[in-house]
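Below: the structure, in C-alpha cells.
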2 protein chains.
Amino acid sequence: MSGIGRSRGQYRQLWAVNMSNEIETMEQASRRGIDMGGLPSFVGYTLRRAQLVIFDDFIRTLDEVGLKPASFSVLIILGSNPGLNQSEVSAALGIQRTNFVALVDSLEQRGLAERRPSESDRRSHALHLTPAGRKLLARAMTLQQEHEARFTDRLGPGGREQLLTLLEKLLPTE
Amino acid sequence: MSGIGRSRGQYRQLWAVNMSNEIETMEQASRRGIDMGGLPSFVGYTLRRAQLVIFDDFIRTLDEVGLKPASFSVLIILGSNPGLNQSEVSAALGIQRTNFVALVDSLEQRGLAERRPSESDRRSHALHLTPAGRKLLARAMTLQQEHEARFTDRLGPGGREQLLTLLEKLLPTE
DNA sequence: TATAATTGTTATATTGAATCATTAAACATT
DNA sequence: AATGTTTAATGATTCAATATAACAATTATA
C-alpha cells in the first residue's frame with residue numbers, strides 16, 4: 001500500500017544527522033579521520049539520531065498498511081475514545097486542528113473513520129472508526145509490536161523500561 | 001539575533017506529538033479522560049516526544065547566536081577539522097551536498113566561515129572558520145553546555161551516561 | 001441580548017529535505 | 001592525445017510537515 005517513493009528516508013535528516021545507506025555514517029566519518037567534536041556526547045544529538053533510526057524503521061513498517069505515524073496515532077486515539085470531536089483528538093495528539101482536517105478527510109475517504117454529527121453540538125463532528133478502520137488498526141498494532149521488538153532486543157534485558165524511565169524524566173512534568 | 005518568529009516551535013510536531021504551551025499536553029489529555037492507547041509505551045513515541053522537548057529548548061538557546069542545529073553542527077565540524085571540502089563535511093553530518101550549499105553560503109555571508117580554493121583539487125573548496133566564526137562557536141558551545149545541564153539535572157546522577165549508553169544501542173552498528 | 005469564544009474549514013506561507021539537471025574539473029583507459 | 005567516467009559544487013524544483021490568518025456557524029458568557 002502507498003508507494004514508498006518519498007516516504008523512504010523522509011524523516012532522516014534534521015539536525016544534519018546522517019544515518020543510512022548512501023549517507024556516510026558518523027562512524028565512517030570518524031574512521032576517515034573526521035573529528036565530530038563534542039557532537040556525539042550531546043544528549044540532544046544522540047537522541048535525535050536514535051529517533052531518526054527508529055522512525056525510519058517505523059515508517060517502513062507502517063507503509064504496509066498505508067499509514068504514517070500521525071494517521072496511526074489518530075486511529076489509536078479513535079479506537080480507545082470513540083466519539084471525540086476533531087479539536088479534542090488533535091489537541092491530544094498535538095496536531096493543529098487546521099492541519100487535522102485533511103488528515104481526517106483522508107481517513108474518511110479510505111473508509112477507516114467517519115465524521116458523525118454530534119448530538120450535543122452542531123458545530124462539531126463525532127469521530128468514529130469504521131469496522132475497516134478497526135481491522136486496519138489491529139493489523140497496524142501488530143506491526144508496531146514487531147517493530148518495537150526489533151529495538152527492544154538491542155536494548156538488552158530491562159533496557160527498554162530503563163530507557164522509557166529516563167526519557168520520561170525529560171518530558172515536561174507540566 | 002535572528003528573530004524568533006518561525007524558529008519557535010519549528011521542530012515541535014511530526015509524530016503528531018504535542019509538547020508545549022498552547023498545545024495540550026498528553027497529561028492534560030489523560031486528565032480529561034482521553035485514553036492515549038498504547039502510545040506512551042512505544043519507545044519511538046516517547047523518544048520522539050523527548051527529542052522535541054530537547055530541541056525546543058536547544059533551538060531557543062541557539063537563537064541568541066543566530067544558529068540552528070544544522071549550522072551549529074557545521075561550525076563544530078569546521079572548528080575541529082579545518083580545510084575539509086563541502087562534500088566531506090556534509091557527508092559527515094548527513095546533509096545532502098545540494099542542500100549544504102546554501103548553508104555554507106549563509107555562514108560565509110555572515111562572515112563565520114569561508115571557502116578557500118583547495119590547493120590539491122580545483123573542483124573543491126576548503127572550508128575554514130573565520131576568527132568571528134571561532135568566537136561565535138565558542139559562545140555557542142557555552143550555551144550548549146548550559147542547555148545540556150538543564151536536562152542532565154533532570155536525569156539524576158549517572159542518568160545522562162545511562163541514557164547515552166542506551167541510545168547508542170539503538171544506532172546502527174554499521 | 002450583546003459580546004466573546006469555539007468548531008471546523010479554506011487558503012496560504014514557511015521550512016526541512018529530496019530530486020534532477022548542469023557545469024567544470026579530475027581521473028582512468030585506451 | 002582522445003575518450004569516457006566519476007566527482008565537486010551549484011541551481012532549480014518539488015514535496016511534505018507545519019504554522020498563520022481569516023471566516024461562517026454555533027455555542028457560551030457577561
Side-chain angles (χ1 to χ4, degrees), chain A residues 2-24 48 52 55-56 59 68-71 73-74 84-91 93-106 108 115-127, chain B residues 2-24 48 52 55-56 59 68-71 73-74 84-91 93-106 108 115-127:
Chain A
S2 148
I4 282 238
R6 260 316 169 75
S7 72
R8 267 195 56 152
Q10 197 154 28
Y11 292 91
R12 260 178 10 206
Q13 301 195 159
L14 239 202
W15 191 9
V17 167
N18 64 11
M19 39 153 296
S20 69
N21 339 351
E22 324 130 39
I23 298 184
E24 182 175 37
R48 175 64 180 157
L52 288 172
F55 260 55
D56 190 63
I59 289 172
K68 282 187 277 192
S71 46
S73 67
V74 173
L84 293 183
N85 68 28
Q86 298 186 187
S87 294
E88 290 166 330
V89 175
S90 61
L93 289 172
I95 304 173
Q96 309 211 10
R97 60 187 189 302
T98 167
N99 295 324
F100 192 64
V101 175
L103 226 174
V104 178
D105 284 349
S106 156
E108 203 170 29
R115 293 170 161 109
R116 297 188 196 156
S118 162
E119 307 197 342
S120 52
D121 187 336
R122 273 181 301 164
R123 288 172 304 181
S124 64
H125 303 146
L127 299 178
Chain B
S2 149
I4 281 236
R6 260 317 168 76
S7 72
R8 268 195 56 156
Q10 198 154 28
Y11 291 91
R12 255 170 24 200
Q13 300 196 162
L14 241 201
W15 191 10
V17 167
N18 63 12
M19 35 151 303
S20 68
N21 341 347
E22 325 128 40
I23 300 184
E24 182 174 37
R48 174 64 180 156
L52 288 173
F55 260 54
D56 190 62
I59 289 171
K68 282 186 277 193
S71 46
S73 67
V74 173
L84 293 182
N85 68 29
Q86 297 187 186
S87 295
E88 290 166 330
V89 176
S90 61
L93 289 172
I95 303 174
Q96 309 210 8
R97 304 189 289 306
T98 166
N99 294 325
F100 192 64
V101 175
L103 226 174
V104 178
D105 284 350
S106 155
E108 203 169 29
R115 294 170 161 109
R116 297 188 196 157
S118 162
E119 307 195 344
S120 52
D121 188 337
R122 272 180 302 160
R123 289 172 303 181
S124 63
H125 302 146
L127 299 178

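Here the structure is a predicted model, which is why all the values come from computation and not from measurement. Quick note on labels: first sequence line is chain A, next is B, and so on, each numbered from 1.
- Between D/dT10 and B/Arg115, a contact under 4.0 Å exists linking OP1 or OP2 to a side-chain N or O.
- C/dC20 atom C1' lies 13 Å from atom CG of B/Asn99, rounded to whole Å.
- One atom, CZ of A/Arg97, and another, C1' of C/dT9, lie 10 Å apart when rounded to the nearest Å.
- The base of D/dT20 sits with one of its N or O atoms less than 3.5 Å from a complementary donor or acceptor on the side chain of A/Thr98.
- In this model, the phosphate group of C/dG16 is approached by a side-chain N or O of B/Lys68 to a distance below 4.0 Å at OP1 or OP2.
- Listed nucleotides D/dA19, D/dT27, C/dT7 differ in distance to A/Asn85; the shortest reach to its side chain belongs to C/dT7.
- Rounded to whole angstrom, the span from the CG atom of A/Asp105 across to the P atom of C/dT9 amounts to 7 Å.
- When side chains are defined from C-beta on, A/Ser106 does not count as touching A/Leu103, because their heavy atoms never get closer than 4.5 Å.
- Atom CD in A/Glu108 sits about 9 Å away from atom P in C/dT9, given to the nearest Å.
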**OP:** Let me see the working for A/Ser118 and A/Asn85 under side-chain contact (heavy atoms from CB on, under 4.5 Å), right down to the final yes or no.
**Re:** CA-CA 8 Å; A/Ser118 162; A/Asn85 68 28; over 6 Å; no
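- Between the side chain of B/Asp121 and the base of D/dA8, no donor-acceptor pair of N or O atoms lies under 3.5 Å.
- If you take CZ of B/Phe100 and P of C/dT19, they are 19 Å apart, rounded to a whole angstrom.
- The nearest whole Å value for the distance from the CG atom in A/Leu84 to the P atom in C/dT7 is 12 Å.
- Between A/Ser87 and C/dG8 there is a side-chain polar atom (N or O) within less than 4.0 angstrom of OP1 or OP2.
- Each of A/Ala126 and B/Ser120 was assigned the nucleotide of DNA chain C with the nearest heavy atom; the assignment lying further toward the 5' end belongs to A/Ala126.
- Summarising the geometry, the separation between NE2 on B/His125 and C1' on C/dA25 is reported as 11 Å, rounded to the nearest angstrom.
- The side-chain heavy atoms of A/Gln86 and A/Arg97, taken from C-beta on, include no pair separated by under 4.5 Å.
- Rounded to whole Å, the distance from CD on A/Glu88 to P on C/dT6 is 13 Å.
- Between B/Arg122 and C/dC27 there is no side-chain N or O to OP1 or OP2 distance below 4.0 Å.
- Side-chain N/O atoms of A/Gln96 include one lying less than 4.0 angstrom from OP1 or OP2 on D/dA19.
- You'll find a donor-acceptor pair under 3.5 Å spanning the side chain of A/Arg123 and the base of D/dT26, going by distance alone.
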Subject >> Derivation of the side-chain contact (heavy atoms from CB on, under 4.5 Å) call for A/Arg115 and A/Glu108 >> reply: CA-CA 8 Å; A/Arg115 293 170 161 109; A/Glu108 203 170 29; 2.8 Å; yes
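- Proximity of B/Gln86 to the phosphate of D/dT10: a side-chain N or O atom is located under 4.0 Å from OP1 or OP2.
- Between B/Val89 and B/Leu84 the shortest side-chain heavy-atom distance falls below 4.5 Å.
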